[in-house]
Structure formats: structure tokens, C-alpha cells
Amino acid sequence: MNYTISIWLKNVRRMRGFTLEEVSQRLNGMVTKQAISKYERGLMKPSPVVMDALCKLYQAFPDFLLGRKPVVAFDISFRSKEPVPQKVKQRIISEVQIWMGHYLALENLFDAMTSFKNPVSGLNITDFDDMENVAMQVRRKWGLGNDAIASVCRMLELAGVKVLELDIEEDVDGLCGWINKKTPFIVLKKNNVTVERKRFTALHELAHILFPLLETMDYNKKERMCHRFASAILLPKEVVYTYVGQIRDNLSVSELSSLRTMYGVSVAAIVHRLRDLSVISLDYYNHIFDDRIKYNLLEEGWGAYPLIDEAMKYASLVNRAVIAGYMESNGQGMHIDEKYKIGLGEIEIM
């Protein structure tokens, strides 16, 4: 049996949240759970009738995956306030592997692979000052200067990081890892999240990718280090000193709102940044959070980043596949999310 199909069957079942027993029951006993297990281990091949029934149950189509090499996620790091249950991890990882199978196959089809090179490889990171310095090095090597990053997602895609936006569990903010140990990926929550939070999460996950030795640190310190990196990338020290100053006893809503609008950073993250750089005192920091931010968690009326920041490459590859005829007009074969289901009739050819 084709190894890719066996892996695909396992991943798509887990992605849909079914157990082997549930699949057998939903197919009214057409196939036993033992047989399904053998399909997923590559020990037995489902008949065309069974395969069709499985595809209908899973609402997925494997035709495009025939003959493709399987993808496996490694060194996965979840960002969550609470421990993520193993079943949830398994479901998300399976979904990521299916997405990445499509993504890499499309890149290969159009010879559009973008390799990733760590711009700060080999640097030893031990404290927050190190994080400040490497953040500036990343900005310099990627030609970002000190100005605002218009789109964090597209910046990462251009650097060779695969960015996916998925409907993931509410308690999970994001995750990252490596596909087949050579291609980095970042998964962002696309449901119920502000653009500023998404931008911050993407750069937090980038820190995990750039600095694997962080995984040897205490969990809380590791997360604070990644927070510091994300803050320093989004709002460089020189920008803070230019627009806010080096020592402040009080701040106005308007200046914080302006920074949020210009640099795509939440007011809460800006205040954290000012405390990290000792621009404001701990007492004043606590006052802002306890008396203002706590009562306006959505930061309504405090400005907003005006641009759309979302991953674009996968959608552009699907668009090319439709035009080139690799994808049927009903969308079957390559899409696994209604967001990316495109019919040829929807595309105006120049």
C-alpha cells in the first residue's frame, strides 16, 4: 500500500477527532476498527468502496497526495497558558501534517520552494540583553531597519518559514516546529484573535525556531525570553526612546494609541515593553494594568493596526493550481479548508 496514503488516513482521522471505533460505527460496520488500523499502518489497502466511504466521512480528498512523500512534524512547541491535553495535541499535529503535505507539494509543483536560513545561527542566548541584541541583528540581516513591519506573516514567508492560520482550540495561542527536520512552520490562531496579538504570537514562535537551546531553560523564563524577542522585533529600543523617551512618570492614551496604530503592537504589550526597558517604574506599570488595561481588555478606543496581516503563500499557490488545471473546478484534490476552495469561474484571467 502507498505509504503516503496510510499516513494521510491516520492524520485526517485524528484531525477530525475520530477514534478507530467511531469511524467503524459511523460507517455502519462496513469496516472494522482493526481493518482501519491496518490501513493506517500500511498493512492493508482499503477497497475503492471503503476508500470512498472514508473520504466522505472525513470530508477530504487524497487524490493529489498519491505518490507524495509523507511529512512528519518534529520539535513541536505549543504556546498555551495551561498544559495542552494529548488528544488535542495529536489532533492539531495531524492537521498541521496534512496542511504541510499540501503546501510542500504545491511548492514543489511550481518550483516555488523557499529555503530557510537562521540569521543568528550559533549565537548563545542566556539573558534578556542577549535577546535585545539578537532581535536587532535579525532586523538588520533581514533588511527591516527600525521602521514598522507591515506584515509579520509575509516577512516570515519570504524568509522561508511556512505560516498556517488554523481554527485551533481556544486555549492554544499558537505553535511551531519543523517539518521533516528542515522546514520551519508556525501555526497561528485565525479565530477570535486581534491582528496585534497574531503578530506578537508569530514572532514569539519565531524565537523558538531561531533559538532551540531555549528549550533547555525553565518554562517561565523561556516564555519570557520569547516575549522579549517579539517585543524587541516589533518595537525596537531606538523607536521607544525616540517616541516615548528614556524615563517617564506618566503616559497619555493618545501616544500609546499612536504607537499601536503605527507599529501593530497592543497597548498592553507596549506597556510591558516600557517596563522591560525601565522607561516606567514598576508601580506605574502596575497602576496602568490594574486601573486601565484590566477594564478594557479589548483596548477599544485605543487605536488599532490598520493593515491586514495574514499568510498569503498557500492561497497564492492554490490560485496558481486552479489556473494551471491541477485542481478541479469543484475544488477537490488540494483544498482542506473552505477558505481556500477556489473555482476556475471565480478567477478572471488577464
Novice: Given side chains that start at C-beta, do those of F211 and V120 come closer than 4.5 Å, heavy atoms only?
Specialist: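 They are in side-chain contact.
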
Novice: Taking CZ in R292 as the centre, count heavy atoms belonging to other residues, nucleotides or ligands within less than 6.0 Å. Is the count above 12?
Specialist: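 Result for CZ/R292: open.
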
Novice: To the nearest 0.5 angstrom, please state how far the CG atom of L259 sits from the CG atom of L234.
Specialist: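 Reported to 0.5 Å precision, the distance equals 12.0 Å.
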
Novice: Measuring only between side-chain heavy atoms, which start at C-beta, is Y103 closer than 4.5 Å to L164?
Specialist: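 Side chain of Y103 against side chain of L164, heavy atoms only: contact under 4.5 Å found.
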
Novice: Rounded to the nearest 0.5 Å, how far does NE2 of H102 lie from CH2 of W99?
Specialist: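 So the CH2 of W99 and the NE2 of H102 are separated by 8.5 Å.
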
Novice: Between E95 and R14, is the closest basic N to carboxylate O distance under 4.0 Å?
Specialist: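 No salt bridge links R14 with E95.
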
Novice: So which atom in P306 and which in T261 form the shortest heavy-atom distance, rounded to 0.1 Å?
Specialist: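 Distance-wise, the nearest heavy atoms are CD-O, 3.4 Å.
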
Novice: Is there a continuous path of hydrophobic side-chain contacts, each under 4.5 Å between heavy atoms, that joins L166 to V193?
Specialist: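 No.
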
Novice: Is there a path of hydrophobic side-chain contacts, each under 4.5 Å between heavy atoms, that joins L175 and L214?
Specialist: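 Unlinked, L175 and L214 end up in two clusters.
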
Novice: Check whether V72 and I209 end up in the same hydrophobic cluster, where Ile, Leu, Val, Met, Phe, Trp and Tyr are linked by side-chain heavy atoms less than 4.5 Å apart.
Specialist: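 No, V72 and I209 fall in different hydrophobic clusters.
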
Novice: Apply the test side chain to side chain contact (heavy atoms under 4.5 Å, CB included) to residues L256 and W302: give CA-CA distance (whole Å), side-chain angles for both, the deciding distance (0.1 Å), then the verdict.
Specialist: CA-CA 8 Å; L256 294 176; W302 292 351; over 6 Å; no

Novice: Apply salt bridge (charged side-chain N to carboxylate O under 4.0 Å, His left out) to R91 and E169, showing your working.
Specialist: CA-CA 10 Å; R91 189 202 68 75; E169 276 70 7; 3.0 Å; yes

Novice: Can you check whether A268's main-chain N or O pairs, donor with acceptor, with E299's side chain at less than 3.5 Å?
Specialist: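 Judged by distance alone, yes, a pair lies under 3.5 Å.
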
Novice: Supply the members, apart from L307, of the Ile/Leu/Val/Met/Phe/Trp/Tyr cluster built from side-chain contacts under 4.5 Å; use none for a lone residue.
Specialist: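 Noted: L307 shares its cluster with V195, Y305.
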
Novice: Under 4.5 Å between any side-chain heavy atoms of Y241 and V279, yes or no?
Specialist: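 Answer yes - side chains close enough.
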
Novice: Working note: E310 + K190, criterion side chain to side chain contact (heavy atoms under 4.5 Å, CB included); need CA distance, chi angles, decisive distance, verdict.
Specialist: CA-CA 9 Å; E310 59 184 24; K190 73 175 182 181; over 6 Å; no

Novice: Between atom SG of C55 and atom CG of L9, what is the distance when rounded to the nearest 0.5 Å?
Specialist: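 Output value for this atom pair is 7.5 Å.
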
Novice: Could you check R248 against E255 for salt bridge (charged side-chain N to carboxylate O under 4.0 Å, His left out), going step by step and ending with a plain yes or no?
Specialist: CA-CA 12 Å; R248 292 290 297 273; E255 60 187 323; 2.7 Å; yes

Novice: CG of D147 to CG of L144: how many Å apart, nearest 0.5 Å?
Specialist: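 Interatomic distance, D147 CG to L144 CG, rounded to 0.5 Å: 10.0 Å.
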
Novice: Check residues 25-37 and write down every donor-acceptor pair under 3.5 Å in which the side-chain atom is one partner and the other belongs to a residue at least two apart or another chain.
Specialist:
unit_1, atom_1, unit_2, atom_2, d
Q25, NE2, E21, OE2, 3.2
T32, OG1, A35, N, 3.1
S37, OG, R41, NE, 3.3

Novice: Whether the side chain of R13 engages the backbone of F18 through a donor-acceptor N/O pair (distance < 3.5 Å, no angle test) should be reported.
Specialist: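 Judged by distance alone, yes, a pair lies under 3.5 Å.
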
Novice: Is there a salt bridge (charged side-chain N to carboxylate O under 4.0 Å, His left out) between K198 and E205 once you walk through the steps?
Specialist: CA-CA 11 Å; K198 182 166 67 172; E205 299 303 329; over 6 Å; no

Novice: Under 4.5 Å between side-chain heavy atoms, counting indirect links through other Ile/Leu/Val/Met/Phe/Trp/Tyr residues: same cluster for L54 and L20 or not?
Specialist: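 Yes, because L54 and L20 connect within a single hydrophobic cluster, where side-chain heavy atoms sit under 4.5 Å apart.
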
Novice: Just verifying a value: how many Å separate E22 CD and L57 CG, rounded to the nearest 0.5 Å?
Specialist: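 The CG atom of L57 is 10.0 Å from CD of E22, to the nearest 0.5 Å.
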
Novice: I'd like to know if D218 and K222 make a salt bridge, using a cut-off of under 4.0 Å between side-chain N and carboxylate O.
Specialist: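 So D218 does not pair with K222 through a salt bridge.
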
Novice: Do other residues, nucleotides or ligands put more than 12 heavy atoms under 6.0 Å from the CG atom of L282?
Specialist: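 More than 12 heavy atoms, drawn from other residues, nucleotides or ligands, come within 6.0 Å of this atom.
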
Novice: Is the closest side-chain donor-acceptor distance between T201 and K189 under 3.5 Å?
Specialist: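 No pair is found: no donor N or O on one side chain lies under 3.5 Å from an acceptor on the other.
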
Novice: May I ask you to check whether H227 and H204 show a side-chain donor-acceptor distance below 3.5 Å?
Specialist: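 Yes.
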
Novice: Check whether any side-chain N or O of N118 sits under 3.5 Å from a backbone N or O of L210 as a donor-acceptor pair, and report yes or no.
Specialist: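 It does hold such a pair.
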
Novice: Got M225 and D130 here, is their nearest side-chain heavy-atom distance under 4.5 Å?
Specialist: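 They are not in side-chain contact.
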
Novice: Check whether R228 reaches the backbone of F128 with its side chain - one donor and one acceptor, N or O, closer than 3.5 Å.
Specialist: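 No; zero donor-acceptor contacts below 3.5 Å.
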
Novice: Does some side-chain heavy atom of C153 sit less than 4.5 Å from a side-chain heavy atom of L188?
Specialist: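 Yes, side chains in contact.
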
Novice: Quick check against the 3.5 Å criterion: does Y314 have a side-chain atom that pairs as donor or acceptor with the backbone of M100?
Specialist: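 Side chain of Y314 to backbone of M100, a donor-acceptor pair under 3.5 Å: no, none is there.
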
Novice: Does a salt bridge link K313 with E107, judged by any charged N lying under 4.0 Å from a carboxylate O?
Specialist: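 So K313 pairs with E107 through a salt bridge.
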
Novice: In this structure, are over 12 heavy atoms from other groups packed under 6.0 Å from D249 atom CG?
Specialist: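 Not more than 12 within 6.0 Å, no.
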
Novice: Go through the steps for I76 and F78 under the test side chain to side chain contact (heavy atoms under 4.5 Å, CB included), then give the verdict.
Specialist: CA-CA 7 Å; I76 302 167; F78 282 81; 3.6 Å; yes

Novice: Any side-chain heavy atom of I280 within less than 4.5 Å of one from N250?
Specialist: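 With C-beta onward as the side chain, the pair stays apart.
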
Novice: Would you say R199's side chain and T194's backbone share a donor-acceptor pair under 3.5 angstrom?
Specialist: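 No, the answer is negative, given that no donor and acceptor are paired below the 3.5 Å cut-off.
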
Novice: Between R139 (side chain only) and I233 (backbone N and O only), is there a donor and an acceptor less than 3.5 Å apart?
Specialist: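 At least one qualifying donor-acceptor pair exists.
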
Novice: I need the D309 CG to E196 CD distance, nearest 0.5 Å.
Specialist: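 Rounded to the nearest 0.5 Å, the CG-CD separation comes out at 10.0 Å.
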
Novice: Is the gap between the ring centers of H272 and Y285 under 6.0 Å?
Specialist: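 Under 6.0 Å, so yes.
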
Novice: If you group Ile, Leu, Val, Met, Phe, Trp and Tyr by side-chain heavy-atom gaps below 4.5 Å, do L297 and V267 land in one group?
Specialist: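 Each belongs to a different hydrophobic cluster.
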
Novice: Could you walk me through whether K81 and D173 pass salt bridge (charged side-chain N to carboxylate O under 4.0 Å, His left out), step by step?
Specialist: CA-CA 8 Å; K81 293 179 181 178; D173 291 319; over 6 Å; no

Novice: Please confirm whether K162 makes a cation-pi placement over F185, using NZ or CZ under 6.0 Å from the six-membered ring centre and within 45° of the ring normal.
Specialist: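 K162 over F185 ring: no.
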
Novice: Less than 4.5 Å apart, side chain to side chain, heavy atoms only: is that true for H208 and R79?
Specialist: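 A side-chain contact under 4.5 Å is absent here.
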
Novice: May I ask you to test the V152-F200 pair for a side-chain heavy-atom distance under 4.5 Å?
Specialist: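 No, too far: nothing below the 4.5 Å cut-off.
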
Novice: For F110, does the six-membered ring have the charged nitrogen or CZ of R320 within the cation-pi criterion, i.e. under 6.0 angstrom from the centroid and within 45° of the normal?
Specialist: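 Pair R320/F110 counts as cation-pi.
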
